[in-house]
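All remarks here apply to the structure that follows.
What's counted below: heavy atoms across the whole structure, side chains too, no hydrogens, waters or symmetry copies. Every chain is numbered from 1 and lettered A, B, ... according to where its sequence line falls, protein lines coming before strand lines.
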Protein chains: 2
Amino acid sequence: MYTESIENYLKTIFEIQKETEKVTTNSISEKLGVAPASVTSMMKKLSEKKLITHKRYQGVKLTGPGQKIALEVIRHHRLVELYLAEALGVPWDQVHDEAEKWEHVLSEDLEDRMDKALGYPTRDPHGSPIPSRDGTLIELESIPLVELQPGQSGVIAEVSDHDPDLLRYVGKMGLYPMTRVEVLSVEPFSGPITIKVEDSSHILGSQAAQYVFVTDVEPGRSELT
Amino acid sequence: MYTESIENYLKTIFEIQKETEKVTTNSISEKLGVAPASVTSMMKKLSEKKLITHKRYQGVKLTGPGQKIALEVIRHHRLVELYLAEALGVPWDQVHDEAEKWEHVLSEDLEDRMDKALGYPTRDPHGSPIPSRDGTLIELESIPLVELQPGQSGVIAEVSDHDPDLLRYVGKMGLYPMTRVEVLSVEPFSGPITIKVEDSSHILGSQAAQYVFVTDVEPGRSELT
DNA sequence: ATCATATTTTAGGCATGACTAAAAATAGTG
DNA sequence: CACTATTTTTAGTCATGCCTAAAATATGAT
Ligand SMILES: [Mn+2]
Ligand SMILES: [Mn+2]
Ligand SMILES: [Mn+2]
Ligand SMILES: [Mn+2]
C-alpha cells in the first residue's frame, strides 16, 4: 500500500493528464495546493518507485503501474461518492469532500461490497465514469452545455464536481446526469443562456454552463427546416 | 481536529483506564504496538494540550476534554462497526479492523446519518455500548461466561473484539449478543465448559469463555431445590 | 541572439511520530 | 536497608511530507 499523499499525487497527475497534454510541476502544485518545490521532491520519489517518468524541467507521465494505482483511487473515490449519495442520502455537493478522505481507507473487500450493494454502477453522482476493478475507464464523449446553439438539446452526461456551490446552483434547476436539457436562447458576448429542464425554464450563467457537459445532442425545431 | 495518532492514544488510554486503575506507559506501549519511549514523548505532547495529566513515572489520566475526544472516537468506531455489519454485511470478526481506519475519517454529518440509518442504536455488533453524541457511555454489568456454575444460564452481553479468530470461533456456535446460553457442565482445573445455545450444545475452552460476558444470570434447575 | 520573465529544481529547515540505546527512577527481595 | 530487576524517561536519529529562499533552466518577445 502507498501513502495517502502518494495516492493523491498519482490521482492528480492522472486527472491533469486527461485534460492537458503535458503535466507540469506547477499544474500539480496548484491542483494539490502544495508548493512547487514540494512537488519536485515528490516527483523524485515517485520516479524512484517507477510510478512516473520524469524528465527534468519537462513534466511527468504516469507509468503503467502508476496509472493502475491512480485508477484504483479514482474508483474508490467515485464508488464512495455514489454510495454516500444512494445509501446515506448525502447531497451531491458534499460527497466529493467526504470521498476525498474515504478513498484512502477503503479496503478491497468493502469496495466489492459497495459495488454489489449499488448494483455494479458505472457512473458516480456527477456522471463521471467509475473505473472497473481491472482499471478500465470508459470516457463518455460530451461537450460543454455552453456550446449548444439555441434550439438544440442534450442529455446531461457529467457535471464538474470541483465546486460545491456550482453543484448546488445547477442542482436547484434539476441539472442532474441523465436529464435532457434544451437551450432556448443564448445571449451574446458570453452572456447567460436560457434553458428548459423538465418543463420549467431557467437562466444559467455561461461560467456555470462551461462545467455542465451534455451528450446525445439533438437539433431544435429551427434547424429541422 | 486532532491527528489520527492522538486519537488512537486517547482511545487507548480510555480503554486501559476502564480495566485497570493505573494507566502506565508500558500498557499503552503494548496495546498500541509502539515503543515505550514513543509513548513518553506523546504523553508530553498530550499534557501540553491538556488532554491528559501526567506525573513523571506515575502514569497518566485523561482530563475532561481528553475523555470527550476518546469517547467520540469510540462512538465513531462502534457506529461504523455496526453500520458495516448491518448495511454491508461485513462479518463481525472483520468490522473491527475496518472501523480502526474509518473512525478517523468520519465526519459529524456522516456520523449522524449512520446513526439515523441504524435507528439510533446503543450497542455495536460485539455488544459494546455506543457512546451517545454528548459523550455518555452506559456500561452494562456483566460477568465472564467462565464464571457461571453448571445449570446457570445468562444472556450474552458482550464479546471481546480483540481477536478475529475468537469471534469466528464463538460465532460458529451462535454466541452472539442477546442470545441466552446455558452452562451444562464445567470441567475442573480451568477445563472446557459445555454450553447449550439455541437447543444445540457445544464445548467451549475456558480461555474463550473468559472473553464472553453474560448478564441476566439465572440459576439452573439444580439450584432451585 | 539576447534578455527579461516564468518555471522548475536545489538547498536548507521544520513538524510529526516513530525508533534504539543509555540514563534515571521505582519497585521488589533478602 | 541495600541491591537488583523493571519501568520510565532522556538523548539522539530517522522517514515522511511539507515549507521558503535561492539557483538553474526554459520560454518568449524584441
Ligand atoms: Mn484524497
Ligand atoms: Mn464525482
Ligand atoms: Mn484507530
Ligand atoms: Mn466492537
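To the nearest angstrom, C1' of C:dG28 lies 18 Å from OH of B:Tyr57. For A:Lys45 and D:dC18, the NZ to P distance is 8 Å, given to the nearest whole Å. In this structure, the NZ atom of B:Lys55 is 17 Å from the C1' atom of D:dT7, given to the nearest Å. Going from atom CD1 of A:Ile52 over to atom C1' of C:dT8 covers 14 Å, rounded to whole Å. Atoms CD (B:Glu4) and C1' (D:dG17) sit 16 Å apart, rounded to a whole Å. Remark: C1' of D:dT25 and CD of A:Gln58 are 10 Å apart, rounded to the nearest angstrom. Distance A:Met42 CE to C:dT10 P: 16 Å, rounded to the nearest Å. Distance CG (A:Leu46) to P (D:dC18): 11 Å, rounded to an integer number of Å.
Side-chain contact between B:Lys61 and B:Lys55: absent, with no pair of heavy atoms (C-beta onward) separated by less than 4.5 Å. Using a 4.5 Å heavy-atom threshold, the side chains of A:Ile52 and A:Tyr9 count as separate. A:Arg123 has its side chain out of reach of A:Ile130: every pair of non-hydrogen atoms, C-beta onward, lies at least 4.5 Å apart. Here the side chains of A:Lys11 and A:His77 are in contact, with some heavy-atom distance below 4.5 Å. No side-chain heavy atom of B:Val214 sits under 4.5 Å from any side-chain heavy atom of B:Glu147.
The phosphate of D:dC18 has OP1 or OP2 within less than 4.0 Å of a side-chain N or O from A:Tyr9. Look at B:Thr3 and you'll find a side-chain N or O under 4.0 angstrom from OP1 or OP2 of C:dG17. Between B:Ser5 and the phosphate of C:dA18, there is a side-chain N or O to OP1/OP2 separation shorter than 4.0 Å. Contact between the side-chain N/O atoms of B:His54 and the OP1/OP2 oxygens of D:dT8 is not found at any separation under 4.0 Å.
Nucleotides of DNA chain D nearest to A:Ile6 and A:Arg56 differ in position, and the one nearer the 5' end is that of A:Ile6.
Taking the six-membered ring for Trp and the full ring otherwise, the centers of A:His126 and A:Tyr176 sit at least 6.0 Å from each other. In this structure, the ring of A:Trp102 has its center no less than 6.0 angstrom from the ring center of A:Tyr83.
Near-neighbour residues of DNA chain C inside residues 22-39 of chain B, defined by a heavy atom below 4.0 Å, number-ordered: B:Gly33, B:Val34, B:Ala35, B:Ala37, B:Ser38.
No contact: B:Lys44 has no heavy atom under 4.0 Å from any strand.
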